[in-house]
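So you know, we letter chains A, B, ... as the sequences are listed, proteins then strands, and number each from 1. Heavy-atom basis, side chains included; hydrogens, waters and symmetry copies ignored.
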Amino acid sequence: MTDHKEKTNQEQITPASLLEMNLDEIPSPALARIIEEVRNDEPDTSRAYDRVHNRHNR
Amino acid sequence: MVNLEHSDVVEIDTVLIKVASRCNINCNYCYVYNMGDDGWAAMPKRISHDTALSIGRALRELSRAQRRPFAVVLHGGEPLLLGQRKLGQLLDILRLELPRHSISIQTNGILITEAILDICSEYRANLSVSVDGPSYVHDRLRVGHNGEPTHVKVLTGIQRLRQHRDAQFLYSGLLAVIDPESDAADVYRFLKDLGAPSIDFLYRDGNHTELPQGKASNESIEFGSWLARLLDVYLTDLTPPRIRLLDDIMRLILEGSGLKEGAGITDFGILILETDGSVAKNDTLKSTYNGADRFETAWSVHRHDLTAVVNSNEFSRYRSMQRPSSRTCISCPELRVCGGGMPLHRWSNKNGFDNPSIYCADQQFLINHTRKRISEICSAA
């Protein structure tokens, strides 16, 4: 199978280190939100998603 | 080694009710009507009052038997073909039996009226609208029964939704099927400007025997490349909406959980109730072969207890389809993120579902691009 992996940074940041980052220093609001959601172990469902999610992919 | 053992306790987290078996448009790529399945033809056009009552009772009992609630999604065909009166009747029944459950409607948007929105507001049912992007993208494949464009009518419905006094609750999101020939940034900007809090993107349906439109081969990465460009725009936007698919990929990379089937290795409990009250498998399986979404046992809300159904061996075997069986997937370092994708994308006439996804190369490309971008952004922070 053709390998479409891009070259990755040699010193790739680990998920654990990302979750410890200061969110205010992350220039991407989307990424900062995701990091915060994973830290809190629950996506913020206050607006876009109901607390009980539609899991169906359509 | 990733644990692929299934949980013994089956809990349903999504109940999809096919309230209408027909549709007022005829999208070229539709998995319900245009990929070989003809199950819709045997169904009543709209859910009957008796079936609605049976569904209400059945879901009340299921809710009582489970520890946690489930989301209810009104689907089809086009669910708003129910019309104002029948929609109100159905929601009245569901709310009586499920006063606190999430109810949402997935619609093409064309039949949205002020009166429909008032009813949805009254019964706390929100709406997500299917639109593929600007008209030059959307009207290629999302056409009417005579091939006519639908974009103008869809946007009219979306505008009504945005302008409703209860829009903040009612307007839950947009759903777009990826056109790999389109400009991802263009599509992103257009959909963002429609003001939805959340946008989801879908891979086109297809498999190893019938390639998805726009995918040249098993090894090509048209869709992965498109999503990678979408990610780049998304991550640099200072006022982004939520892009569910990309959010799921990022969460999974960060060792969190995904929200929907099609990524990750969570066993979701998705129950499909047809227009006549029969119980079906995930309707997306319709895109593989005729009848792929039907159980051997003819379960129905009119005759069977849903708790017994979902804890049966046959339902358990169906649920286990979410997990890939292919050695390629099981040995893949990205299994926890990719999850083997959607089962429908793994189908081949030769091997059944025992394949990696037809989008394997796309998924690899997207996941690695996402890892790289996350590292770049955080390294610069």
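In this structure, A/P29 and B/L238 have side chains that are in contact, with non-hydrogen atoms separated by less than 4.5 Å. Put simply, the side chain of A/S28 does not reach to within 4.5 Å of the side chain of B/T236, judged on heavy atoms. For the pair A/N57/B/T284, no side-chain contact is recorded, criterion being any heavy-atom separation below 4.5 Å from C-beta on. Looking at heavy atoms from C-beta onward, A/L31 lies in side-chain contact with B/C378 at the 4.5 angstrom threshold. Between B/I272 and A/H56 there is a side-chain heavy-atom pair separated by less than 4.5 Å.
For the pair A/R58 and B/Y31, the cation sits on the ring face: its NZ or CZ lies under 6.0 Å from the ring centre, inside 45° of the axis.
Here the CD1-CD1 distance, from A/I26 to B/I377, works out to 8.5 Å after rounding to the nearest 0.5 Å. Between the CG atom of A/L18 and the CG atom of B/L254 there is a distance of 5.5 Å, given to the nearest 0.5 Å.
If you measure heavy-atom distances from B/D205 to chain A, the contacts under 4.5 Å come from the side chain alone. Using a 4.5 Å cut-off between heavy atoms, B/L366 makes no contact with chain A at all. For a residue to count as touching a neighbouring chain, one of its non-hydrogen atoms must lie under 4.5 Å from one of that chain's; by this rule B/H75 touches chain A with the side chain only. In this structure, chain A has heavy atoms under 4.5 Å from both the backbone and the side chain of B/E261. With a 4.5 Å cut-off on non-hydrogen atoms, B/F268 touches chain A through its side chain but not through its backbone. Only the side chain of B/L16 has a heavy atom closer than 4.5 Å to any heavy atom of chain A. Residue B/I270 touches chain A through its side chain alone, counting heavy-atom pairs closer than 4.5 Å.
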Evaluate the side chain to side chain contact (heavy atoms under 4.5 Å, CB included) criterion for residues B/K260 and A/N54: first the C-alpha distance (whole Å), next the side-chain angles of each, then the deciding distance (0.1 Å), finally the verdict.
CA-CA 7 Å; B/K260 267 193 199 285; A/N54 169 11; 3.7 Å; yes
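Here the shortest heavy-atom pairing between B/E255 and A/P15 reads OE2-CG, 3.8 Å.
When atom types are taken as modelled, the side chain of B/R251 and the backbone of A/V38 share no donor-acceptor pair closer than 3.5 angstrom.
For B/R68, the side chain to side chain contact (heavy atoms under 4.5 Å, CB included) criterion is met by B/E11, B/D13, not counting sequence neighbours. The side chain to side chain donor-acceptor pair (under 3.5 Å) check on B/D200 picks up B/R244, with sequence neighbours excluded.
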